[in-house]
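For clarity, every value in this text was computed on a predicted model and none was experimentally measured.
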Amino acid sequence: MTNFMYIFCLIVWGLNFIAVKIQGTPVSLELSLTYRLVITALLFLILAWLMKPQGKPQKQDMPFIIVFGVCNFAFSYLCLYYATMLSSAAIVTLIFSLKVILTPIALRIFLKEPLHRRVLLGGILGVIGVGVLIYPTLHSFSGLADFKGILIAFLGTLLTAIGDASSARNAKRHIDPVYANAIGFAVGSVVMCGIVWMEGQRMMIPTSFTYLSALLYLTVIASFLAWLFYLKLVERIGGAKSGYMVALFPVIGGIASVLIGESTVSIYLIVGCLSSCIGAAIALGFKIKPILR
């Protein structure tokens, strides 16, 4: 079961931005994200009500859970949605893998945790990987859009790192992740509903198979089930080993991007993805031994 959960999270989250690309824009990205967050929040709230786990957050914990929800689920997701439309899912997945470098930096800044030298080395390789992959787009007509997408993806990844630091603080307070996710997704939902309302958008749900299947994937599989399995993995094999899967996200995203015809196989794609994977693995302190033992 541990092997299944690990592979499930690896593949599902590695294909996250591919699903966003397939979902498209029959409605605004803000509205699509609102649907995703609202449904996921309801699922986690029901789960919290059924499980009633220990580790309820206290009043003083709420600001940090709010930061977690706003950064990880609302603004971060929105940035990554826009980046996926402006650029390719492969590039966004690759940039998102830089969270294994940005999160330790955020932990150092906000929680005063030690920053290991391997993070710097891994970060250099990760940046090289991004540079190699985007180099060909700088000479194309769409280079400006790709560059904007890259900047927005980096901003989204940075916001995720800040949210991760808040999540780490919550974990130190022994707040059960089910409560943190339920409240976090609920807060993200409220923020996105506010944005949609201020923009004056009309609520409508596209009925195309492509849109609904992508929404179902992003909501039930990528946001709800994957998070549940990941939390179980952290319990069984620890957070460090569970985090190793992030190092393989660029490969999963790159292969899927080629399969849907968004990207073409090239030396830039191969070298960029491999460099980012190696950099992420180094930053995580990966060691060559069975991960799931």
Query raised in the report: In Å, rounded to the nearest 0.5 Å, how long is the span from OG1 of Thr84 to CG of Asn16?
Result: 8.5 Å
Query - side chain to side chain contact (heavy atoms under 4.5 Å, CB included) partner of Asn72, the single match among Asp164, Leu159, Val67 - result: Asp164
Requested in this report: Take Met203 and Tyr35, measure what side-chain contact (heavy atoms from CB on, under 4.5 Å) needs, and give me the verdict at the end.
Outcome: CA-CA 10 Å; Met203 302 292 288; Tyr35 294 147; 3.8 Å; yes
Requested in this report: Could you please spell out the steps behind the side-chain contact (heavy atoms from CB on, under 4.5 Å) verdict for Leu215 and Arg36?
Outcome: CA-CA 7 Å; Leu215 179 61; Arg36 176 182 180 180; 4.3 Å; yes
Query raised in the report: With a 4.5 Å heavy-atom cut-off, do Met85 and Val20 have their side chains touching?
Result: yes
Report task. Could you tell me whether Phe8 atom CZ has more than 12 heavy atoms of other residues or ligands within 6.0 Å of it? Result -> yes
Query - Criterion side-chain contact (heavy atoms from CB on, under 4.5 Å) on Ile252 and Thr93, from CA distance to verdict - result: CA-CA 9 Å; Ile252 301 294; Thr93 304; over 6 Å; no
**Report entry** Those residues that, when tested against Arg173, pass salt bridge (Lys or Arg N to Asp or Glu O under 4.0 Å) (two or more places apart)
**Finding:** Asp61
Report task. Specify the closest pair of heavy atoms between Ser223 and Leu218, including all atoms of both residues, with the distance to one decimal. Result -> OG-O, 2.7 Å
Query raised in the report: Under 3.5 Å, side chain of Thr40 to main-chain N/O of Phe224, donor-acceptor pair present?
Result: no
Query - Close side-chain approach of Phe75 to Leu155, heavy-atom, < 4.5 Å - result: no
Query raised in the report: Just wondering, more than 12 heavy atoms not from Glu199 lying within 6.0 Å of its CD?
Result: yes
Query raised in the report: Going only through I, L, V, M, F, W and Y residues with side-chain contacts under 4.5 Å, is there a path from Val220 to Met51?
Result: yes
Report task. For residues Tyr211 and Pro26, report the shortest heavy-atom separation together with the two atoms involved. Result -> CD1-CG, 3.3 Å
Query raised in the report: Trp227, Leu225: one ILVMFWY side-chain cluster at the under-4.5 Å cut-off?
Result: yes
Query raised in the report: How far apart are the closest heavy atoms of Ile162 and Cys71, and which atoms are they?
Result: CG2-SG, 4.1 Å
Query raised in the report: For Gly253, does its backbone N or O pair with a side-chain atom of Ser257 as donor and acceptor, under 3.5 Å?
Result: no
Report task. State plainly whether one hydrophobic cluster holds both Phe185 and Val178, where clusters connect Ile, Leu, Val, Met, Phe, Trp and Tyr through side-chain heavy atoms under 4.5 angstrom apart. Result -> yes
Query - Distance (rounded to the nearest 0.5 Å) between Gln54 CD and Ile175 CD1 - result: 13.5 Å
Query raised in the report: Between the side chains of Tyr82 and Glu30, is a donor N or O closer than 3.5 angstrom to an acceptor N or O?
Result: yes
Query raised in the report: What's the shortest heavy-atom distance between Ser76 and Gly156, and which atoms?
Result: OG-O, 3.0 Å
Requested in this report: Taking atom NZ of Lys52 as the centre, report whether more than 12 heavy atoms of other residues, nucleotides or ligands fall under 6.0 Å from it.
Outcome: yes
Requested in this report: Step through it carefully: locate the ring centre of Tyr230, locate the ring centre of Trp13, and say whether they are under 6.0 Å apart.
Outcome: yes
Query raised in the report: Between Gln58 and Gln60, does any side-chain donor sit less than 3.5 Å from a side-chain acceptor?
Result: no
Report summary line: So OG1 of Thr219 and CG of Leu43: to nearest 0.5 Å the spacing works out to 8.0 Å
Report task. State, to 0.1 Å, how close Leu31 and Met204 come at their nearest heavy-atom pair, and which atoms those are. Result -> CD2-O, 3.8 Å
Query raised in the report: In terms of hydrophobic clustering (I, L, V, M, F, W, Y; side-chain heavy atoms under 4.5 Å; direct or indirect links), are Leu42 and Tyr77 co-clustered?
Result: no
Report task. Evaluate the criterion side-chain contact (heavy atoms from CB on, under 4.5 Å) for residue pair Val12 and Phe229; output intermediate values, then yes/no. Result -> CA-CA 11 Å; Val12 166; Phe229 287 167; over 6 Å; no
Query - Atom pair CE/CG of Met192 and Leu33 - distance to nearest 0.5 Å - result: 4.5 Å
Report task. Can you see which heavy atom on Ile152 is nearest to which on Cys79, and at what distance? Result -> CG2-O, 3.0 Å
Query raised in the report: Hey, are the side chains of Ile183 and Met62 touching, using non-hydrogen atoms and a 4.5 Å cut-off?
Result: yes
Query raised in the report: Is any side-chain heavy atom of Leu216 less than 4.5 Å from a side-chain heavy atom of Leu212?
Result: no
Requested in this report: Would you give the length of the straight line joining atom CG of Leu45 to atom CG of Asn181, rounded to the nearest 0.5 angstrom?
Outcome: 10.5 Å
Query raised in the report: Under a 4.5 Å side-chain heavy-atom rule over Ile, Leu, Val, Met, Phe, Trp and Tyr, are Ile95 and Ile101 clustered together?
Result: yes
Requested in this report: Go through the structure and list residues passing salt bridge (Lys or Arg N to Asp or Glu O under 4.0 Å) with Lys172, not counting sequence neighbours.
Outcome: Glu113
**Report entry** Close side-chain approach of Cys193 and Val38, heavy atoms under 4.5 Å
**Finding:** yes
**Report entry** Straight-line distance of Thr160 OG1 to Leu98 CG, nearest 0.5 Å
**Finding:** 11.5 Å
Requested in this report: Could you tell me whether the side chain of Thr103 and the main chain of Lys99 form a donor-acceptor pair under 3.5 Å?
Outcome: yes
